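One structure is given here, and the rest of the page talks about it.
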Amino acid sequence: MHAMRGVEIASVMRRWGWLALLSLTLALGSCRQGTVALPSRAIQIVAAEPAPAAVSIAEPPIYDARPMLGAPAPPAMTFDEAWAWLSAELPKDTASLRPSRDDGRLERLLAWAPPGGTTTVFDRACRPLKVARNEGSLDGDVHVKTVVHDRTKTVSGDTIELGRDITLVCGFDFTYERDASGKWVKTVVSATGCATTIGHSLSEVTDAEAWYGSAPARIEVKCSSRLETRQRCLDGTERTCSKCTRVAIELDGPGHLRIPGGCAVLGPGRRPEPADCAVACPDDLGAKIATVNAALSGATFEEFRLESHPTLFRTRSACLAYRRLHAIPRDQLETW
């Protein structure tokens, strides 16, 4: 009886064992490639079952035949947004820069004298200078020399114009003759007429002081440091990526040019995971620089704080009070 049962079990195993093997093979087919040879009887047993779906394996992309896909450009920025970002990114470098805007500083300077009237201002050495208010400047005579010979007097000197800039108009000559009553009468007026700009432009005006310490400038944001890394592509090739890690300002203006120094640092070697080299190397900061430059393009700036001390004082007491607190080098006392 037991022998008969053993024969029946063996017969069942011979009939269904190949089906179990086939099920195991199909379950592992997606993870392991290979060929399993089955007897014809086993194939007949599973022929009525639905065939498993074919697994499609994509070929590696050929990057030479595909266009390079650039990283999405950051959204456009307004001038104020770009300037705010740059000021936050480089607070020290932008501390002495500002957009060129009319903030009424010239009007505040002209208000030191009444319309059509005169007043006396003082230079850093606290020397008085009588000036007359004109349309866009306070004008006075400097370097005045007087020579008297018998009944003729000659007065020569230069004219200083204190407006948005300090302009020295050189070479006026007045000739006077005494009349019968003994009064000097102007008889000859001549002038050379050359003009020279002294120092910088008007940068700040308070109730007591005027500073001439600014100059126009153009700003361009540059990358001052880059990081280079090597990447392994999906197709097995390699590429080198470079991204910006630090920004700087190139300031171009009359008499000064600042160019940021730059260097490329080689970063870690291959990435553990291959990169999709059909997409451009990421460079978020580099793209930001391009956006900021586009927003600041065409704008004019001024660099101020180019002078350490005020150029003019409204009163002598204001000049003396400043001199007591600040040591001004002797070669800076005479502005004109």
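Just so you know, these numbers use all the heavy atoms, side chains as well, and skip hydrogens, waters and symmetry mates. Bear in mind the structure is a predicted one, so any value in this text is a computation, not a measurement.
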Evaluate the side-chain contact (heavy atoms from CB on, under 4.5 Å) criterion for residues Val292 and Val247: first the C-alpha distance (whole Å), next the side-chain angles of each, then the deciding distance (0.1 Å), finally the verdict.
CA-CA 11 Å; Val292 171; Val247 300; over 6 Å; no
Hey, does the side chain of Asp276 reach the backbone of Ala278 with a donor-acceptor pair shorter than 3.5 angstrom?
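Yes; judged by distance alone, with no hydrogens or angles, the pair exists.
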Under 3.5 Å, is there a donor-acceptor pair between the side chain of Asp102 and the main chain of Gly104?
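A pair under 3.5 Å: yes.
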Gap between atom [atom2] of [Y] and atom [atom1] of [X] - 0.5 Å precision:
X: Ser100; Y: Glu303; atom1: OG; atom2: CD; result: 11.5 Å
X: Trp85; Y: Leu90; atom1: CH2; atom2: CG; result: 7.0 Å
X: Asn293; Y: Lys222; atom1: CG; atom2: NZ; result: 7.5 Å

Minimum-distance pair of heavy atoms, taken over all atoms of [X] and [Y]:
X: Leu234; Y: Pro274; result: CD2-CB, 3.6 Å
X: Ser203; Y: Phe304; result: CB-CB, 4.3 Å
X: Leu97; Y: Ile219; result: CD1-CD1, 3.7 Å
X: Ala82; Y: Leu296; result: CB-CD2, 3.9 Å
X: Val205; Y: Leu202; result: CG2-CD1, 3.7 Å
X: Ala275; Y: Gln231; result: CB-OE1, 3.7 Å

Just list the side-chain donor-acceptor pairs under 3.5 Å for residues 154-174, sequence neighbours left out, or say none.
unit_1 : atom_1 : unit_2 : atom_2 : d
Asp158 : OD1    : Gly171 : N      : 2.9
Asp158 : OD2    : His143 : ND1    : 2.8
Asp165 : OD1    : Ser201 : OG     : 2.5

Under a single-linkage definition using a 4.5 Å side-chain heavy-atom cutoff for Ile, Leu, Val, Met, Phe, Trp and Tyr, are [X] and [Y] assigned to the same hydrophobic cluster?
X: Val189; Y: Val148; result: yes
X: Tyr176; Y: Val188; result: no
X: Met77; Y: Ile249; result: yes
X: Val142; Y: Ile198; result: yes

Please report, to 0.1 Å, the donor-acceptor pairs under 3.5 Å made by any side chain of residues 328-336, with sequence neighbours excluded.
none

Pairs in or reaching into [range]: which pass salt bridge (charged side-chain N to carboxylate O under 4.0 Å, His left out), with residues at least two apart or in two chains?
range: residues 187-214; value: none
range: residues 128-142; value: none
range: residues 113-124; value: Asp123-Arg127, Arg124-Glu307
range: residues 312-322; value: none

Write out all pairs satisfying ring pair (Phe, Tyr, Trp, His ring centres under 6.0 Å) with one or both partners inside residues 198-218, taking only residues at least two apart or from two chains.
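Checked against ring pair (Phe, Tyr, Trp, His ring centres under 6.0 Å) - neighbours excluded - no pair reaches residues 198-218.
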Return each pair, listed once, that meets ring pair (Phe, Tyr, Trp, His ring centres under 6.0 Å) where at least one residue sits in residues 313-333; pairs must be two or more places apart or across chains.
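Matches after skipping sequence neighbours: His309-Tyr322, Phe313-Tyr322, Tyr322-His326.
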Quick one: list whatever passes side chain to side chain contact (heavy atoms under 4.5 Å, CB included) with Thr245, sequence neighbours left out.
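Checked Thr245 against side chain to side chain contact (heavy atoms under 4.5 Å, CB included); matches are Ser225, Leu227.
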Could I get the full list of side chain to side chain contact (heavy atoms under 4.5 Å, CB included) partners for Ser308, not counting sequence neighbours?
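Expected list: none.
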How would you list all residue pairs meeting side-chain hydrogen bond (donor to acceptor under 3.5 Å, both in side chains) that involve residues 105-121, not counting sequence neighbours?
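For residues 105-121, and leaving out neighbouring residues, the side-chain hydrogen bond (donor to acceptor under 3.5 Å, both in side chains) pairs sorted by first residue read Asp103-Arg105, Arg105-Glu302.
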With side-chain contact (heavy atoms from CB on, under 4.5 Å) as the criterion, how do Leu251 and Phe301 come out once you've worked through the C-alpha distance, each side chain's angles and the decisive distance to 0.1 Å?
CA-CA 10 Å; Leu251 186 62; Phe301 292 82; 5.8 Å; no
Taking the side chain as C-beta and beyond, is there a heavy-atom pair between [X] and [Y] under 4.5 Å?
X: Leu320; Y: Cys126; value: yes
X: Leu138; Y: Leu129; value: no
X: Thr300; Y: Arg218; value: yes
X: Glu177; Y: Trp184; value: no
X: Lys243; Y: Asp284; value: no
X: Trp83; Y: Thr94; value: yes

Under the side-chain hydrogen bond (donor to acceptor under 3.5 Å, both in side chains) test, residues paired with Arg305 that sit two or more places apart
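side-chain hydrogen bond (donor to acceptor under 3.5 Å, both in side chains) check on Arg305 returns nothing, list empty.
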Between Asp93 and Arg246, does the salt bridge (charged side-chain N to carboxylate O under 4.0 Å, His left out) criterion hold? Intermediate values first, please.
CA-CA 13 Å; Asp93 295 338; Arg246 187 185 306 165; over 6 Å; no
Salt bridge between Glu228 and Arg226, side-chain N to carboxylate O under 4.0 Å?
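Salt bridge: no.
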With no hydrogens and no angle check, do the side chains of Thr78 and Asp80 hold a donor and an acceptor under 3.5 Å apart?
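Per modelled atom types, Thr78 and Asp80 side chains form no pair under 3.5 Å.
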